[in-house]
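Notes follow once the structure below has been shown.
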Amino acid sequence: GTRDFAEFKENTERAALSWQPTDRFSAILKYTYVDSDSNPDRDRVDINRFLTTGERISPTPSQRDVKSTVQRLILRLRYTFNDALRLESETTYWNREVSSGDVGRPPSDGLTRPNEAITQELRLHYETDRLRAVGGLFFTDTTLNQATFGSLPNGLGIRNKFQRTSVNSAIFGEAEYEIRPGLRLIAGARYDTETTKVTSGVLEFSNPDPNATLPPDQSGRVTEATYSAFLPKLGLFYDFNENVSLGFVAQQGYRAGGGGITIPGNRPFQYDPEFTDTYELSLRTNFFDQRLFANANFYYTKWKDQQVRVPDPQSTNPQDTITTNAGRSTLWGGELEIRAIPTDAFEIYSSIGYANTEYDDFIFNGQQLAGNDFAGAPDWSGSVGGRYYFENNLWVALDATYQASAFSDVQNTIRQPSRFFVDARIGYEFGNWSIIAYANSVLNNEIVLSSDGTTGTVSEPREIGIILQGRF
């Protein structure tokens, strides 16, 4: 038989338990279960067929079938010592079992990959009339057993299995002090350290050809590195009155380095951590008894060693990609958000954003890319929408979003078209239940998001459905 290679099924179940034996102590336990069945390449199609006929046809006769089961358990504890001091703890356990194989084959013929993570965070809060402060500890241990899929120029399918582990810990603190009425100083810092390790697994081939040239076997190869950073933050806020506030914040950001393995080339690679210095000016306003809100942000960011996803310069296969570091880059822009509530039953909202991106020093494959835009970074974006509530618990909503065109590669040779999408919803609420009918991509204006000339990804087609929600 045949199967729609774009088919997607998902089931989500949630449960929560709250316990508060005293006014000082409370505990909340939440559990989430999600199982899904899909083809992760469902958005990848034969581009020539799509452009000529509009059909979304798989570029290969064999498609992956991925069955995933995710469980998440969260325990939140809170103890209040007095009016000024309280301690909070959040423990999270996450587990994901993934079974994959070709469509039409049982999962046992494919690959089962267990993944799990445990996270612990402690926060101590202190609050008085003029001072609010928080300090804490953070720890997470993650193990991901991953598999990547691709094909060789001779048509062989290839699957690479490897394990990625990371241990991240941090100590942090932040305080807000009211210097005088309306004027507040914010200061904080975080020290972060992370160790990452990638262990190469084995290669598997579909329909192996004894005469084919295969990638080198990197089984058992370990790539390990440790990174750390001290990240300060400083800000100043002034409330002109209860309706208008102006703020300025300067802070450093960081993302740890790491490593990976190309597919199908099977070449290990590493990349360094990236650092950012960001300066942000913010304006918050509300008028007419909080019927109108207008917020604006202006930001300027200098990047050092920005992590960028690029084609592997040592491979001729476009499926081989690596993460590398750009020397220096700059991002600046602004955002404006407006929300109006003309009546208790009607609200409208809109936003517009501008972002200017530029590599200041980025040598890739012997080419200086200084002056180029970031890949996948449109300069203009915006949205507008509204919602109306009827007296009989019925509501309707309409949202439209826009993104200007952007380059899809760091060389700025391939430009993605602009995007405009409209979504609509209508809902009815009764007690703890609600039923929502929705239509995504109402205009059904499918566009090519990325392409290598033969295959590529396209936007989602129009989707119409019904959601039933219950809260207990």
Side-chain angles (χ1 to χ4, degrees), residues 74 76-92 117-142 166-196 225-239 245-258 271-284 295 297-307 325-333 335:
I74 301 176
R76 295 191 178 104
L77 305 176
R78 176 171 175 167
Y79 185 82
T80 301
F81 296 95
N82 50 51
D83 292 340
L85 191 65
R86 72 178 187 272
L87 179 66
E88 296 177 347
S89 168
E90 181 168 313
T91 306
T92 302
I118 185 167
T119 299
Q120 175 64 55
E121 185 169 13
L122 290 174
R123 288 176 174 262
L124 184 65
H125 295 262
Y126 179 76
E127 185 172 350
T128 63
D129 291 339
R130 300 180 64 181
L131 175 65
R132 290 190 301 174
V134 60
L137 300 171
F138 174 85
F139 173 83
T140 183
D141 188 344
T142 305
S166 65
V167 177
N168 179 212
S169 59
I171 180 172
F172 59 89
E174 182 171 316
E176 178 182 307
Y177 179 71
E178 186 178 51
I179 301 173
R180 64 180 182 83
L183 183 62
R184 293 166 288 133
L185 175 68
I186 294 179
R190 180 185 183 98
Y191 180 77
D192 192 286
T193 180
E194 182 172 355
T195 298
T196 63
T226 299
Y227 308 93
S228 59
F230 176 75
L231 308 170
K233 175 182 179 180
L234 187 65
L236 194 65
F237 288 81
Y238 183 70
D239 300 323
S245 175
L246 183 67
F248 177 78
V249 173
Q251 61 182 335
Q252 288 189 331
Y254 154 85
R255 183 162 61 173
Y271 51 92
D272 295 328
E274 66 176 17
F275 297 88
T276 58
D277 293 315
T278 299
Y279 309 90
E280 183 172 7
L281 182 68
S282 61
L283 177 66
R284 300 289 181 266
N295 302 323
N297 291 342
F298 304 93
Y299 54 86
Y300 179 85
T301 298
K302 293 294 291 185
W303 241 299
K304 178 183 177 184
D305 295 329
Q306 179 185 357
Q307 295 171 7
N325 296 94
R328 292 178 293 109
S329 50
T330 303
L331 163 67
W332 63 269
E335 301 169 335

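A quick note: this is a predicted structure, and the numbers were derived from the prediction, not measured.
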Whether Gln120 side chain and Ser89 backbone form a donor-acceptor pair below 3.5 Å: no
Charged tip of Arg284 within 45° of Phe237 ring normal and under 6.0 Å: no
Short side-chain donor-acceptor distance under 3.5 Å, Gln251 and Thr278: no
Distance (rounded to the nearest 0.5 Å) between Lys304 NZ and Thr276 OG1: 12.5 Å
Value rounded to 0.5 Å, distance of CG in Leu231 from CD in Gln252: 6.5 Å
Check: Trp332 and Lys302 side chains under 4.5 Å, non-hydrogen atoms: no
Asp305 side chain vs Asp272 backbone, donor-acceptor pair below 3.5 Å: no
From OH (Tyr299) to CD (Glu280), nearest 0.5 Å: 9.0 Å
From CZ (Arg132) to CD (Glu127), nearest 0.5 Å: 6.0 Å
Interatomic spacing from OG1 in Thr119 to CZ in Phe138 - rounded to 0.5 Å: 5.0 Å
Plane angle bin for Tyr279 and Phe248 - parallel if under 30°, tilted between 30 and 60°, otherwise perpendicular: parallel
Steps toward side-chain contact (heavy atoms from CB on, under 4.5 Å) verdict (Arg180, Tyr238): CA-CA 10 Å; Arg180 64 180 182 83; Tyr238 183 70; 4.0 Å; yes
Residues that Phe139 engages under ring-ring contact (aromatic ring centres under 6.0 Å, His included), provided they are two or more places apart: none
Spatial distance of atom OG1 (Thr92) from atom CD1 (Ile118) [nearest 0.5 Å]: 9.0 Å
Exceeds 12 heavy-atom contacts within 6.0 angstrom, atom CG of Asp129: no
Lys233 vs Phe172 side-chain heavy atoms within contact, under 4.5 Å: no
Donor-acceptor contact below 3.5 Å, side chain Glu274 vs main chain Gln307: yes
Contact check, side chains of Asp239 and Arg184, non-hydrogen atoms, under 4.5 Å: yes
Pairwise side-chain contact, Leu183 with Leu236, heavy-atom cut-off 4.5 Å (strictly under): yes
Flag side-chain contact, heavy atom, 4.5 Å: Asn168 against Thr196: no
Ser228 and Thr193 side chains, donor-acceptor separation under 3.5 Å: no
Shortest non-hydrogen contact between Ala175 and Leu131, atoms and distance: CB-CD1, 4.3 Å
Where Asn325 and Pro273 come nearest, the two heavy atoms and their spacing: ND2-O, 4.0 Å
Salt bridge present between Arg123 and Glu88 (N-O < 4.0 angstrom): no
